[in-house]
Amino acid sequence: MGKIIKRMNNIIQGNPTKSFFIAMLTRDISIKDAIIDLLDNSIDGASNIKPNDYSGLNIDITVNKNEFIVKDNCGGFSLETAQKYAFRFGRPDDAPKTNSTVGRFGVGMKRALFKIGQYFEIESKSVNDHFQVVVDVENWKNKSKIIEENGQKISIDDWNFNFEHITPDTSNLEENGTYISVKNLYPDVSSIFEDDSFLNDLAEDIEKLLNFSLEKGITITLNGKQLQRKGIVLFNEQSSPYFFEETYGDVKIRVVAGLSYVGEPETSGWYIYCNDRLVLEADKSELTGWDKPKWHIDFVMFKGIVFFDSLDTIKLPLTTTKKGIDATSDIYKKALFFMKEAMTSIISFLRDVTKIDSNPNDYRKLLGEQESKISVVELKATDIIVSRKFKIPEINIEVISVKNDLVRIAFDAKKNKVISAKKHSKTRSYKELGEYVFDYYLKMEELENE
Amino acid sequence: MNSPKQINYETRPFKFTERKMLLASLQKVCSFYGGDYQYIGLGGIAYTDFKLFHKELHVDNLYSIEGGNIPLERLKFNSPYSFINLLKNKTTIALNDIPLEKKSLLWLDYDGVLDNYMFDDLNIIFRKLPIGSIYIFTCNRELKDEENNEYTTELFKEKFGNLIPFGIENKDFSSQNNYKTIRNMFINHINSILRERNRIEDLNFQFHQLFNILYQENRGARMYTFGGIITDNDLNLSDLDINSFNFINTEENAYRIEIPNLTRKEIDLINSYLYVNEEELVKLNIVTKSEVDKYKETYKYMPHYYDIRL
């Protein structure tokens, strides 16, 4: 074994240290988001093996102060994927276009794992391979390797991970899928994992952000509790939603908007999905065109959904954290043009509803009872028959416009005078007297036909 | 839209004159853009514009929108041709049922004062209309709220939000300026939609004002008509052969329709002197120079009413 010389050449190392790299990588992500990033990988798997229907597929999440586990039966990933992409930091330029995923930065899984703890195991069982990667972060940080440069052997950081093949007896997986477990949790992570309010928030975020996948039938459990689909629905019978679809370059845009239930103001607004991941929820801000006019409680029944889909995920209008929409992107501005068009007709109708003289909410509720509903998954898949048109509900728009003509007059008058006027006019109630008096005025002033 | 109930459109001399002026110029413009237009209007129960444009512009595809509470039966009964498509709904909803991607002539002759739904209508119309399409609207130009009070800048802002012109002042609601305010708001909104649209379709759509007209029936409402054409290039009025019409107006200051009050005999008198010996005419002290000038502006378009036995 030759002598190892450190820094005796003219090279100044520009490599980051692994500790620095981990710190930078995990700095700007919350634990919740890190976990959801991991779930994105499972869902990418699901969409590869059963693109149209996720029923029968599960993701089970276990969170406690000692351990974090995600186990799915969503097909796993191959050794080749592991070697080329899954364990590399950043996606190589020559990586194939991702198949409609949102995991486009190639850091999601590692970032999540480094964020949570110091020991992790990733096991993957796919059609051809069954292997696991075990990482002890402390060991990995200190791992170096010897290379030969200019005839001299030098020691450099070793960034590689090692995999091992697995036999059925040591396996955590019965079906093709992925099993990820993190142990030796960081103290702050460990304490947060014990906190019920964290678990509630996490459950809610998953239900919300992955609702499209839940609607498509995937089962997600958190500590054994099955998470619910929080479905967005639009009415679709008496009224028909506005639909528009077009492909610009590599990105397909579908804009859908219409009416939904009254009584849930927090769910009104625009929803934006990028490759089926919800990135904007119930937005009522200028970002989604709510400046002319601004959102108002009268528009509570409005719901709109935009689907951006692309094989080339970098073209989606996402911010780098995948948590928001890049409103300056050209593709988003194109969608906004049609979002505004959809809003114009729907809001115009909703304004009319407010003019119903009796209780507009009765009408809104009635509509909710009579309408059939169409789910977000169906809204995305359904064939568009009529493009760029919102059809208003057929029930009783006539009633609205007639009632719209009526106003209520009320005033107080001395009781004894009213009683004598009522007697004199032979009317039977104060209401009738009021109508009589008004008609009398119109007649006397010859205003009846104006 | 209830005014059709109150007065017969066909007997309003100012409206009539305006309609004939529009027709005269539309004949040129439509022909420049190759004809084959569809007409979209608010026909009411008189359908005067429908009859006129069908016969004179040869527009056969006609859509009449009526959002008031006139029963559909009555609208149908009064429709002069069975091929007029009747849409009984308010404009913002009904416009969705019309194939606006076809070359269109629209005249939205609203009888009310400025309201948000008119901008909603622009939002639908200008996202779809193709080149050569003509958009005209008419409204009562008083800037007053539902209770008939003149707006203050605060109330106006509350009602129209960011549609209002930047730096608006109370004087912009006065009779002198109200139509300029309306025009400003329309132009801004139209341009903003077309800008967005150009970005989508990689086009260069532009809106060019052609009509900017004020009129008032005797002691009636003060009306404002504004309109123009969508092109994809700069507009040269002489190409359209309409620059000889005085009422074609691309400016901020509007053209006013003024009809002199003249008897039949006075009209015959003026006709016999017209363009030849007008100074002599005025010296006769029967009609004033101002009346003669007004007459010259309008006589080609003015209606003549006679009492006849039916």
Side-chain angles (χ1 to χ4, degrees), chain A residues 239-244 246 248-249 253 255 286 289-296 328-353 355 386-394 397-407 447 449-450, chain B residues 1-3 5-7 66-73 87-101 115-129 146-147 157-164 185 188-189 192-203 205:
Chain A
S239 63
S240 314
Y242 171 101
F243 281 98
F244 168 77
E246 186 67 68
Y248 297 99
I253 301 176
V255 177
E286 253 177 70
W290 287 105
D291 48 347
K292 296 178 202 174
K294 295 206 182 310
W295 190 87
H296 184 277
T328 60
S329 66
D330 215 39
I331 191 77
Y332 183 70
K333 284 179 181 159
K334 286 185 162 70
L336 191 57
F337 181 84
F338 297 98
M339 290 159 71
K340 286 183 181 172
E341 178 171 87
M343 287 166 92
T344 303
S345 310
I346 297 166
I347 288 171
S348 165
F349 167 74
L350 291 175
R351 279 209 186 100
D352 275 2
V353 173
K355 292 177 189 159
V386 184
S387 184
R388 296 179 71 181
K389 181 190 163 182
F390 167 68
K391 185 172 145 288
I392 61 168
E394 273 170 12
I397 191 75
E398 299 261 318
V399 174
I400 298 177
S401 59
V402 172
K403 284 192 171 169
N404 189 9
D405 273 3
L406 301 178
V407 294
L447 294 167
N449 295 319
E450 296 243 330
Chain B
M1 272 135 262
N2 290 317
S3 58
K5 276 187 167 177
Q6 290 155 12
I7 189 161
E66 179 57 47
N69 50 19
I70 301 170
L72 188 61
E73 291 77 6
L87 299 162
K88 186 165 163 39
N89 237 324
K90 57 179 201 165
T91 45
T92 315
I93 300 295
L95 284 166
N96 277 300
D97 288 321
I98 300 171
L100 290 169
E101 49 292 330
D115 207 334
N116 277 302
Y117 69 84
M118 299 171 184
F119 295 96
D120 290 344
D121 291 352
L122 290 181
N123 242 332
I124 292 173
I125 293 163
F126 279 87
R127 276 166 210 277
K128 289 185 178 162
L129 284 187
E146 279 148 23
E147 319 229 288
K157 182 153 202 244
E158 193 182 310
K159 168 102 181 173
F160 292 102
N162 60 6
L163 291 166
I164 65 166
M185 291 166 75
N188 274 334
H189 198 56
S192 124
I193 298 167
L194 290 182
R195 264 197 307 275
E196 286 178 34
R197 187 169 164 193
N198 286 339
R199 198 159 47 210
I200 306 281
E201 301 179 17
D202 202 18
L203 297 164
F205 276 19

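As the structure is a prediction and not an experimental result, all values here were calculated from the model.
Side-chain contact check for A:E246 versus B:I200: every heavy-atom pair is 4.5 Å or farther apart. A 4.5 Å side-chain heavy-atom check between B:N96 and A:K391 finds every atom pair outside the cut-off.
Counting heavy atoms of neighbouring residues, nucleotides and ligands inside a 6.0 Å radius, atom NZ of B:K157 does not exceed 12 of them.
Here B:L95 contributes atom CG and A:S345 contributes atom OG; the two are 8.5 Å apart, rounded to the nearest 0.5 Å.
In this structure, the side chain of B:K90 does not engage the main chain of A:D352 through any donor-acceptor pair within 3.5 Å.
Within the 4.5 angstrom heavy-atom criterion, only side-chain atoms of A:Y248, from C-beta onward, approach chain B. For A:R388, the parts sitting under 4.5 Å from any heavy atom of chain B are the backbone and the side chain alike.
Contact count against chain B (heavy-atom pairs under 4.5 Å) is highest for A:K340 among A:M343, A:K340, A:K294.
Of all non-hydrogen atoms in B:R127 and A:F337, the two that sit nearest each other are NH1-O, 2.7 Å.
Under the side chain to side chain donor-acceptor pair (under 3.5 Å) rule, A:R351 has a single partner from B:T92, B:D120, B:N116, which is B:D120.
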